[in-house]
Amino acid sequence: MSQQASPRGTFLKIAEVVRARIDADPKMTELPTAAELMGEFGVSRGVALRVFDVLQEQGVADRVAGSRLRVVRRGEVVDRRPLADQLTDVITNDQLPVGAPFPSATNLCARFGVSRPTLAKALGKLEAAGLLSEGKQGKPRIVLSLPKREESAGP
């Protein structure tokens, strides 16, 4: 891309380049960082962030809390619920009984594509709700109670 200043539409041109890279590389799962776009195209952080906004509007990328923007492929369903809700589903989907160890932070970070601080906040919500025991270094969290089913949720 030219180093010549282009006051309007630069972010659209960069978004086209990034989208072409996504289409050309089926293994691409994350967008470049803002810093990478800034360095490669010689643009400001604001322009890089507008590139991300355009790609999200086009349905090509999705924000993941605590992580880089993720590539969304056609037909792919994205779970946009809060991470705490998704973690609650782990108890049900993995058929974890009361007293069972909850998956490790390392496994959960990989499974949900989030950072440890983001995961820690969501796990804190499950602890506060009484679903999980407190996390302690070297000891797994334990399932303390099963989530309530939505059908039986009352006032």
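None of the values given here were measured: they were computed from a predicted structure.
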*Which distance, rounded to the nearest 0.5 Å, do you find between the OG1 of Thr33 and the CZ of Phe52?*
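One gets 6.5 Å once the value is rounded to the nearest 0.5 Å.
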Separation between CD (Glu16) and CD (Gln58), nearest 0.5 Å, reads 8.5 Å
Is there a side-chain contact between [X] and [Y], using heavy atoms and a 4.5 Å cut-off?
X	Y	value
Arg111	Val90	yes
Leu55	Leu69	no
Val72	Val60	no
Val17	Lys13	no

Q | Connected via hydrophobic side-chain network under 4.5 Å: Met38 and Val18 | A |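 No, it is not one cluster - the side chains of Met38 and Val18 are not joined through contacts under 4.5 Å.
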Is it true that Arg19 and Glu57 have a side-chain N and a carboxylate O under 4.0 angstrom from each other?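 Answer for the salt bridge query: no.
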For this session: Establish, from distance only, whether the side-chain atoms of Asn107 and Ser104 form a donor-acceptor pair under 3.5 Å.
Result: yes
Can Arg50 and Thr10 be counted as having a side-chain donor-acceptor contact under 3.5 angstrom?
-> no
Do you know which two heavy atoms are closest between [X] and [Y], and how far apart they sit?
X	Y	result
Val71	Glu30	CG2-N, 3.9 Å
Pro103	Leu108	O-CD1, 3.5 Å
Ala34	Ala48	O-CB, 3.9 Å
Ser145	Val98	CA-CG2, 3.9 Å

side-chain contact (heavy atoms from CB on, under 4.5 Å) with Phe102: of Leu144, Ile142, Asp94, Ile91, only one passes, and it is Ile91
Next item on the list: Test Pro147 against every option in Asp85, Leu87, Thr88 by the side-chain contact (heavy atoms from CB on, under 4.5 Å) rule and name the one that passes.
Entry: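 For Pro147, the side-chain contact (heavy atoms from CB on, under 4.5 Å) test succeeds with only one of Asp85, Leu87, Thr88, which is Thr88.
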Taking the side chain from Glu40 and the backbone from Leu37, do they hold a donor-acceptor pair closer than 3.5 Å?
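No: the side chain of Glu40 does not pair with the backbone of Leu37.
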Results of salt bridge (Lys or Arg N to Asp or Glu O under 4.0 Å) for Arg141 - residues two or more places apart only
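For Arg141 the salt bridge (Lys or Arg N to Asp or Glu O under 4.0 Å) partners, ignoring immediate neighbours, are Glu127.
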Residues passing the side chain to side chain contact (heavy atoms under 4.5 Å, CB included) test with Asp25, sequence neighbours excluded, are Lys27, Met28
- Query: How would you list, by chain and number, every residue that makes a side chain to side chain contact (heavy atoms under 4.5 Å, CB included) with Ala110, sequence neighbours excluded?
  - Reply: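 Not a single residue meets the side chain to side chain contact (heavy atoms under 4.5 Å, CB included) criterion with Ala110.
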Exercise for the section: Could you walk me through whether Leu123 and Leu132 pass the side-chain contact (heavy atoms from CB on, under 4.5 Å) test, one step at a time? Expected result: CA-CA 8 Å; Leu123 288 170; Leu132 296 178; 3.8 Å; yes
